[in-house]
Amino acid sequence: MRFHIETYGCQMNVADSELITTILLRAGFEPAKSLDEADVIMFNTCSVRAHAEERVLGRVSNELSRKRNKPELKVGLVGCMAQRMGKSLLDRGIDFVVGVDQYQILPDVIMGRDQIHTEFDQTQLYPGLIPTHHSKTCAYITIMRGCNNFCSYCIVPFVRGRERSRPWQEIFNETREAGSTGLKEITLLGQNVNSYHDGIIDFAGLLRKLNSIESIERIRFVTSHPKDLSDDLIESMSGCEKVCEHIHLPMQSGSSRILQVMNRGYSSEHYYSLITKLRKSIPNIAITTDIIAGFPSETEAEFNDTLAVMRDVEFDYAFCFKFSPREGTAAAGFDNQIQEEVRLERLQKMIELQRQITLSRFQAKIGKNVEVYIEDVSRKNRSQVSGKTRDFKIAVLSGTESEIGTLKQAKVKDATAGTLICE
Ligand code: 5AD
Ligand code: SF4
């Protein structure tokens, strides 16, 4: 049987799709070269915002219509939406639904065993499974699963269960294996990597271990949590030469009162002090963030506080979202929900402000020397290649396909609010 997986959402889902691929390959399934060729189509899904779920349901109903001409085709849903919506998905004509802790059972489910498997397994870490990494340049390596933080807006703890960390030796072996296949970069994944602890070492210790693997040149990680970013971790980041000068540190709001209602566990002042420490210890570190507009009860003044912090910090990039009430989370039940128009208006103001800041952060790179890890040939111009700088900026320069996977020294000639044009 030939399978196709379509992946939505975060990098964790990308890594889970690689895990699923490995499980299916071991069971004798083959990857389909196209959707037309597939005997089974799976959607690996995201529940973080309503919009993400609506998009997937649209795509699923399109693919289900293929069954008119190909009745033996199976269409399944896996991942966070499978976990959240469970049985109700079967009523839409979907053949099987498998949640985040049950992927090892997929071969049996596809072959016709029970259609639904969404039981939580709070210890599930898929031991002994080293996934085949699909990227030609970077291995996305899961170091922990689940989340214990229960930020009041977030569905993740409900769909991914409690936090647990993979043993460091497994991560070490997976990294070494990725390096031996020619990948020079790894990205460590977890909902809150800063709270990694496998009973032996913490995240700072893990970075130090991985930094010693010779074949690896760059180490990245997502996502960090401001409440768990310790001084020792900052020291480890600055001391490990392979750890790139970039941190994704979601701020969510610039108002301490809103942060408290979000149950984030830090104040705006604390967040600001972390930025100061990071910039002092790691000169030229790029800082990116996530921010939510229109959280319940957010006043105009509190929203303006967020804009003020954005101006002050000057993030290299900010992923801005409008609050989306998720059923079952605390915030969905809060009084004082903000009207949709106001949420949208605040979101647009935030995006516009950040666009200007991003442009100026990128332009500040003009004239600087950067190291670019070549990832792809440019789609617009085949004599150009694209890649990333250590500080996570997309860079383009002239080159050919054979340079994919190599590190190039370059000089920044020009910049847009998203790309460095290099020579
Ligand atoms: N509404 C809007 N944004 C959300 N995020 C998570 N849950 C919600 C929600 N209910 C955002 C947060 C998080 C990012 C991955 O998605 O900013 O950091
Ligand atoms: Fe959601 Fe907060 Fe956990 Fe991130 S840390 S996944 S925002 S609950």
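Counting convention: from 1, in listed order, for ligands and their atoms alike.
Close approach of ligand 1 to Arg326 is summarised as follows: ligand atoms under 4.0 Å from at least one heavy atom of the residue are 10 (N). Interface of Phe323 with ligand 1, defined as ligand atoms under 4.0 Å from a residue heavy atom, comprises 1 (N), 2 (C).
Considering Ile5, Leu77, Leu35 as possible partners of Ile41, the one that fulfils the side chain to side chain contact (heavy atoms under 4.5 Å, CB included) test is Leu35.
Asn149 and Asn263 share no donor-acceptor pair across their side chains, judged by distance under 3.5 Å alone. In this model, a donor atom of one side chain and an acceptor atom of the other lie less than 3.5 Å apart for Gln356 and Glu352. Counting only N and O atoms by type, the side chains of Thr288 and His248 include a donor and acceptor under 3.5 Å apart.
When the options Gln252, Gln191, Met251 are ranked by their closest heavy atom to atom 12 (C) of ligand 1, first place goes to Gln252.
Contact annotation for Phe321 and ligand 1: only side-chain heavy atoms (C-beta onward) come within less than 4.0 Å of the ligand. The backbone and the side chain of Val48 each have at least one atom closer than 4.0 Å to an atom of ligand 1 (non-hydrogen atoms only).
Side-chain atoms of Ser255 never come within 3.5 Å of backbone atoms of Asp305 as a donor-acceptor pair (strictly under, hydrogens ignored).
Of the N or O atoms in Arg49, one or more lie within a sub-3.5 Å distance of an N or O in ligand 1.
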